Amino acid sequence: MSSDLDKLYTVIEKAIEHTKNINIYGCSIFRNISLKELEDINNILYNKYNLKIEVVTQEDEAHYTALGCYNDINYNKNICVFIGGRGSIELIFVKNKKILDKKYYSFGVVDITNKFDSLKEDIPTVTFDEVYNYIDTLIDDINIDADVLILAGGDHLYWYNNAEYELLSNNLYSSENQKYMITRDMSDEYDRNALVASLNKVRQNSDNPKWFEGSRAMKIITNLISHKINAKYIIPTRINMEDGLKNKLNN
């Protein structure tokens with residue numbers, strides 16, 4: 001925790017060079033620590049910078065992340081924003097910037113990787129179908145479809161770029177933060193390949209090899225969701241809660 005706090009101090013001090021209007025929001029990891037731990041952290045931050053962390057709910061984190069995805073696009077069919085994390089998953093269904101439905105799940109990539117530990121290995125002993133079928137037991141049928149599945153809440157492009165998978169230009173709508181897409185058929189091929197191809201080779205292409213410990217679990221989760229909602233296209237992004245919060249604070 002101390003090393004994470006040191007990183008936070010560095011971010012705050014860089015921000016202070018440009019503005020005094022600083023807000024700190026804590027998401028999933030802060031929802032899992034004790035009130036005493038949060039109080040201790042906030043006491044330190046208040047004494048050092050006169051700042052405190054505001055812990056957002058799972059619902060608010062999903063809302064702001066989804067807002068960062070759909071607020072600047074023009075698309076008149078259903079989209080589903082997937083927000084995946086270490087310990088939770090959220091789905092926000094939107095049409096013409098209006099929220100149609102929301103789904104919240106209390107598991108994430110850590111839970112799947114802990115159950116199927118070999119997913120972190122160079123070549124896993126578990127199969128795609130074994131993991132897929134298990135995750136299917138955690139997610140009920142979804143009674144709403146969406147042509148487009150937007151992957152948010154993390155750097156989903158990091159996987160595709162380091163795995164050197166081809167991406168198509170997003171010709172469905174224009175957005176600086178959503179320039180690329182793949183078809184569901186491409187996703188099926190890529191995601192199944194991830195369970196038989198060398199993960200070490202992908203790690204060697206990156207500057208953060210540890211990031212890939214949860215990557216296979218994430219790909220199988222998103223693949224399952226794409227089929228449950230009958231998505232035709234998958235759009236990987238780097239959009240997170242910060243993008244929606246910027247919109248909120250600017251307005």
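Since we're looking at a predicted model, the values are computed, not measured.
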Using the ring of Tyr70 (Phe, Tyr or Trp, six-membered ring only), decide whether Lys97 places NZ or CZ under 6.0 Å from its centre and within 45 degrees of its axis.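 Pair Lys97/Tyr70 does not count as cation-pi.
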Qualifying residues under salt bridge (charged side-chain N to carboxylate O under 4.0 Å, His left out), relative to Lys102, sequence neighbours excluded: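 None.
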Just wondering, more than 12 heavy atoms not from Tyr233 lying within 6.0 Å of its OH?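 Count not over threshold, so no.
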Is Tyr104 atom OH crowded by more than 12 heavy atoms from other residues, nucleotides or ligands, each under 6.0 Å away?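 Yes.
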Which residue pairs pass the ring pair (Phe, Tyr, Trp, His ring centres under 6.0 Å) test when at least one of the two sits in residues 172-203, sequence neighbours left out?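 Counting only pairs at least two positions apart or across chains, the ring pair (Phe, Tyr, Trp, His ring centres under 6.0 Å) contacts touching residues 172-203 are Tyr75-Tyr173, Tyr165-Tyr190.
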Are Ser198 and Asp122 linked by a side-chain donor-acceptor pair shorter than 3.5 Å?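 Asp122 and Ser198 do have a side-chain donor-acceptor pair below 3.5 Å.
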Consider only side-chain N and O atoms of Glu13 and Tyr49, and report whether a donor and an acceptor are under 3.5 Å apart.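 Short answer, yes.
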Measure the spacing between NZ of Lys232 and OG of Ser226 and express it to the nearest 0.5 Å.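 With rounding to 0.5 Å, NZ (Lys232) is 13.5 Å from OG (Ser226).
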Nearest heavy-atom neighbours spanning Arg216 and Lys120: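 Between these two residues, the closest heavy atoms are NH1-C, 4.5 Å.
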Determine the minimum heavy-atom distance between Asn162 and Ser206, stating which atoms define it.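 Nearest heavy atoms, Asn162 then Ser206: OD1-CA, 3.2 Å.
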For the residue pair Phe212 and Trp159, categorise the inter-ring angle as parallel (less than 30°), tilted (30 to 60°) or perpendicular (more than 60°).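 Judged by the thresholds at 30° and 60°, the geometry between Phe212 and Trp159 is tilted.
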Min side-chain heavy-atom separation Ile139-Phe107 under 4.5 Å: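 Contact flag for Ile139/Phe107 side chains = yes.
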Trace of the salt bridge (charged side-chain N to carboxylate O under 4.0 Å, His left out) decision for Arg192 with Asp188: CA-CA 6 Å; Arg192 286 185 173 274; Asp188 287 344; over 6 Å; no
